[in-house]
Amino acid sequence: MTDAPDAESESESGSGLAAEKARRLAHVGELRSAGVEPYPYRFDRTHTLAEVRAEWGTLEPGTETEHRVTVAGRMMLRRDTGKLVFAQLRDRDGEIQLFISKAVVGDEAFEQISDLDLGDWLGAEGTVMTTRTGELSVRVERLTLLAKAIRPLPDKWRGLTDVDTRFRQRYADLIVNEEARRVFRVRHELVSSIRRTLAGHGYVEVETPVLHVEAGGAHARPFVTHHHTLDMQLYLRIALELHLKRLIVGGMERVFEIGRIFRNEGISTRHNPEFTMMELYQAFADVTDVMAITEELITTATLDCTGSTLLTIRGQEVDLAEPWPRHRMVDLTSDAVGEEVHPRVPIERLRAIAERHGLRPEDHWAPGKYVEEIFEATAEHQLVRPTFVTGHPVDVSPLARTDRTDPLLTERFELFVDGRELANGYSELNDPVEQRVRFEHEQAFKDAGDAERATVDEDYLRALEYGMPPTGGLGVGIDRVAMLIAGVDSIKEVILFPTLRPEVW
RNA sequence: GCGCCUCUAGCUCAACGGCAGAGCAGUGGACUCUUAAUCCAUUGGUUCAGGGUUCGAAUCCCUGGGGGCGCACCA
């Protein structure tokens, strides 16, 4: 764990990373010998760099003021012209130039400036000025080293592009790539926008268990873990749904959770084994209310993140403020294949259609499973603009309420944008007797070989027996929405530390 | 899991069967208004690892490892 480079012998070689680190570590030693602490405990600044720019950003070129400021940041660039050094300081939300004149700071302090390295954290005290060319600067009177960087920064102009290094060393990515900083600001703004919108509608934010005895609420392979004291197998949650609906039974009426869920499945540009889901449940609401709040949440968040409701998706400009089209899955799919696709169609017919579209049906597939698979193989990827796909078959929607006009379908929707599923919602099934039958069907499919099907969750059924009011529910994949708004095409770009194989040291 | 691509200095990249190079960073020097400062000089390599082919391998082949993309998987 302790990094102990062989400073003496490496410095003899004169170059390379080890030598560079040795040189800087040697300087740390010199500073301490001279009574200067290279890692001081704290530093008080009077202004952030953005505050300096906000207050004095409009000064005329060649202005010298008496306004004293103390700022702090990381030195990103240095331009040495002899007895005058310009350094670019950056903090969380701004940059400012330091104007360091030998005549101002004195010979001794000026000598020490050449020992600073790009990447060092500095504190600077001085007066606000602009240079002859108009660059807002701090005319430094006193410079304090706040933390010595031992390792050199990546290329100052081209940044860090190697994706492996960018994700493994996200700290370095954030230091040198403005785009990475932008994406995570978008993500932050997305999440806080959702919280604001939901708070405005009277939702209560809750936290439910991550460790589950039954991994329910979705069809997915769970991660399995073990509790020593209880000596029992536990699963990391694959959805938030069933606990949140227990809270609706409890009378909380409007609840939501933004939480990490875990699915032990493949990794791709759209999948990370752990990802963030927002689920909400609203008493007395049905699927139409849920679609309305879905539109509001995503449109408002886009506006909050970008200042506009316009997005460019696959080169197509889309205004999220326009109503999002709603189509039944069976209609979209029937149109796509040129004949009726519906759970009521004889299963031999569905099998033929599925095989015609390159699918390999399995014996345990129910009619609704065929409908869903054919939809995914044909119509799904064509849904570029935000589109609500509704009316999923009952036999693939064990927690959704039956459509009041078609007993083989449910009052459910999935939101697709750019061919990707971003959200899923429905009128919640609240009849405990029917829910038990649905669970038993799930269990039967599982026994028939479909490992991702659910089992009977007796505690959830007990909760429903106490009475759950009519309820609408929604799940939103936060990472995918962040991708959409930030305009990036890999989920790893919106997850600070995506799942990677362990580094070989 | 399968297929294709990829891995060269701290970073960004050349060299593609014939002496491993450049820019940035670093080091030494010049310069008191720079903006990726500039100018002069300069250090730095287990070419991912191992094996093979060859007079000769960063380069071709094999095995392994990391990563990317696609497929599969994935409410």
Side-chain angles (χ1 to χ4, degrees), chain A residues 10-24 61-62 76-88 95 97-104 110 114 117-119 129-135 137 139 150-169 172 175-176 217-221 238-239 241 263-273 275 277 329 358 360 368-369 372-373 375-376 380 389 392-393 396-400 410 412-414 420-421 423-426 451-454 475 477 489-490 492 498 500-504:
Chain A
E10 293 294 352
S11 63
E12 297 299 324
S13 73
S15 70
L17 178 61
E20 175 66 10
K21 287 167 69 176
R23 184 186 69 74
R24 298 191 190 200
M76 298 305 296
L77 292 173
R78 181 176 54 189
R79 298 178 283 275
D80 185 340
T81 70
K83 297 184 181 64
L84 181 62
V85 171
F86 300 91
Q88 202 71 29
E95 293 196 354
Q97 178 173 268
L98 300 182
F99 181 102
I100 309 165
S101 167
K102 188 172 187 177
V104 174
F110 194 76
S114 64
D117 289 293
L118 298 185
M129 60 167 285
T130 53
T131 62
R132 289 174 202 160
T133 54
E135 183 73 33
S137 307
R139 182 189 194 82
I150 296 308
R151 185 177 287 267
L153 292 179
D155 193 290
K156 70 180 180 186
W157 180 240
R158 306 173 84 156
L160 189 60
T161 61
D162 182 76
V163 285
D164 185 24
T165 311
R166 284 187 49 230
F167 297 146
R168 286 190 196 281
Q169 302 184 31
I175 290 170
V176 296
H219 288 153
R221 287 176 62 190
I238 58 172
E241 178 157 358
R263 296 187 181 178
N264 203 343
E265 285 160 357
I267 295 176
S268 77
T269 51
R270 290 167 291 283
H271 300 86
N272 196 64
F275 61 103
M277 185 88 97
M329 178 182 282
R360 297 189 305 273
K369 177 71 171 171
E372 187 176 51
E373 291 283 343
F375 165 73
E376 289 175 4
E380 178 182 278
V389 176
H392 298 55
V396 294
S397 310
L399 300 164
T410 57
R412 176 178 170 190
F413 72 88
E414 288 178 312
R420 295 172 190 156
E421 183 203 340
N424 176 27
Y426 33 88
E452 286 166 359
R453 291 284 183 159
D489 53 18
S490 170
K492 290 187 174 73
L500 299 171
R501 282 192 172 82
E503 194 169 356
V504 179

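Throughout, a chain's letter reflects where its sequence line sits, starting with A, and its residues are numbered from 1. Note that the structure is a prediction, hence the values are computed from the model and not measured.
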To the nearest Å, give me how far apart [atom1] ([X]) and [atom2] ([N]) are.
X       : N      : atom1 : atom2 : value
D117(A) : G26(B) : CG    : P     : 7 Å
R420(A) : C73(B) : CZ    : P     : 19 Å
E95(A)  : U35(B) : CD    : C1'   : 11 Å
W157(A) : G23(B) : CH2   : C1'   : 14 Å
L160(A) : G10(B) : CG    : C1'   : 11 Å
R151(A) : G10(B) : CZ    : C1'   : 8 Å
E20(A)  : C24(B) : CD    : C1'   : 13 Å
R166(A) : G68(B) : CZ    : C1'   : 12 Å

In whole Å, measure the gap between the [atom1] atoms of [N] and [M] for me.
N      : M      : atom1 : value
U8(B)  : U46(B) : C1'   : 12 Å
A58(B) : A9(B)  : P     : 14 Å
C11(B) : C40(B) : P     : 27 Å
U59(B) : C19(B) : P     : 14 Å
U47(B) : U42(B) : C1'   : 23 Å
A15(B) : G29(B) : P     : 36 Å
A14(B) : G21(B) : C1'   : 7 Å
C73(B) : C13(B) : P     : 35 Å

Centroid-centroid distance, Y426(A) to F413(A), less than 6.0 Å: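 No, too far apart.
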Have a look at [X] and say if it touches a base, only the backbone sugar-phosphate, or nothing, with a 4.0 Å heavy-atom cut-off.
X       : value
E135(A) : base
V396(A) : base
P398(A) : base
G159(A) : sugar-phosphate
R412(A) : base
A103(A) : base
D155(A) : base
D162(A) : sugar-phosphate
R132(A) : base
Q97(A)  : base

Backbone N/O of L98(A) and side chain of S137(A): donor-acceptor pair under 3.5 Å: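 No, the answer is negative, given that no donor and acceptor are paired below the 3.5 Å cut-off.
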Under 3.5 Å donor-acceptor, E241(A) side chain and A218(A) backbone: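 Such a contact is absent between E241(A) side chain and A218(A) backbone.
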Is the phosphate of [N], meaning OP1 or OP2, less than 4.0 Å from a side-chain N or O of [X]?
X       : N      : answer
K156(A) : A37(B) : yes
R79(A)  : C33(B) : no
K102(A) : U32(B) : no
R501(A) : G67(B) : yes
T161(A) : U12(B) : yes
R23(A)  : U27(B) : yes

Side chain of [X]: nearest nucleotide among [options]?
X       : options                : result
L77(A)  : U32(B), A36(B), G26(B) : A36(B)
L500(A) : G68(B), A75(B), C33(B) : G68(B)
F99(A)  : C11(B), C33(B), A36(B) : C33(B)
R270(A) : C71(B), G10(B), C11(B) : C71(B)
F167(A) : G68(B), A75(B), G10(B) : G68(B)

Nucleotide forming a Watson-Crick or wobble pair with [N], both distances under 3.5 Å:
N      : result
G28(B) : C40(B)
G50(B) : C62(B)
C11(B) : G23(B)
G3(B)  : C69(B)

Check: Q97(A) and T131(A) side chains under 4.5 Å, non-hydrogen atoms: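 They are in contact (side-chain heavy atoms under 4.5 Å apart), so the answer is yes.
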Closest-nucleotide 5' rank along RNA chain B - winner of T165(A) and L84(A):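 The 5'-side residue here is T165(A).
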5' precedence on RNA chain B between K492(A) and G217(A) (nearest-nucleotide basis):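 The residue whose closest nucleotide sits nearer the 5' end is K492(A).
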Minimal non-hydrogen separation, [X] against [Y], with atom names:
X       : Y       : result
M277(A) : G475(A) : SD-C, 4.3 Å
L500(A) : F167(A) : CD1-CB, 3.9 Å
L160(A) : A172(A) : CD2-CB, 3.9 Å

Partners meeting side chain to side chain donor-acceptor pair (under 3.5 Å) with D162(A) (sequence neighbours left out):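 In terms of side chain to side chain donor-acceptor pair (under 3.5 Å), with neighbours along the sequence ignored, D162(A) is linked to T165(A).
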Under 3.5 Å side-chain donor-acceptor pair for E414(A) and H392(A):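 Distance-only check passes for E414(A) and H392(A).
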Donor-acceptor pair present, T131(A) side chain and U34(B) base, under 3.5 Å: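 Under the 3.5 Å cut-off, the side chain and the base do form a donor-acceptor pair.
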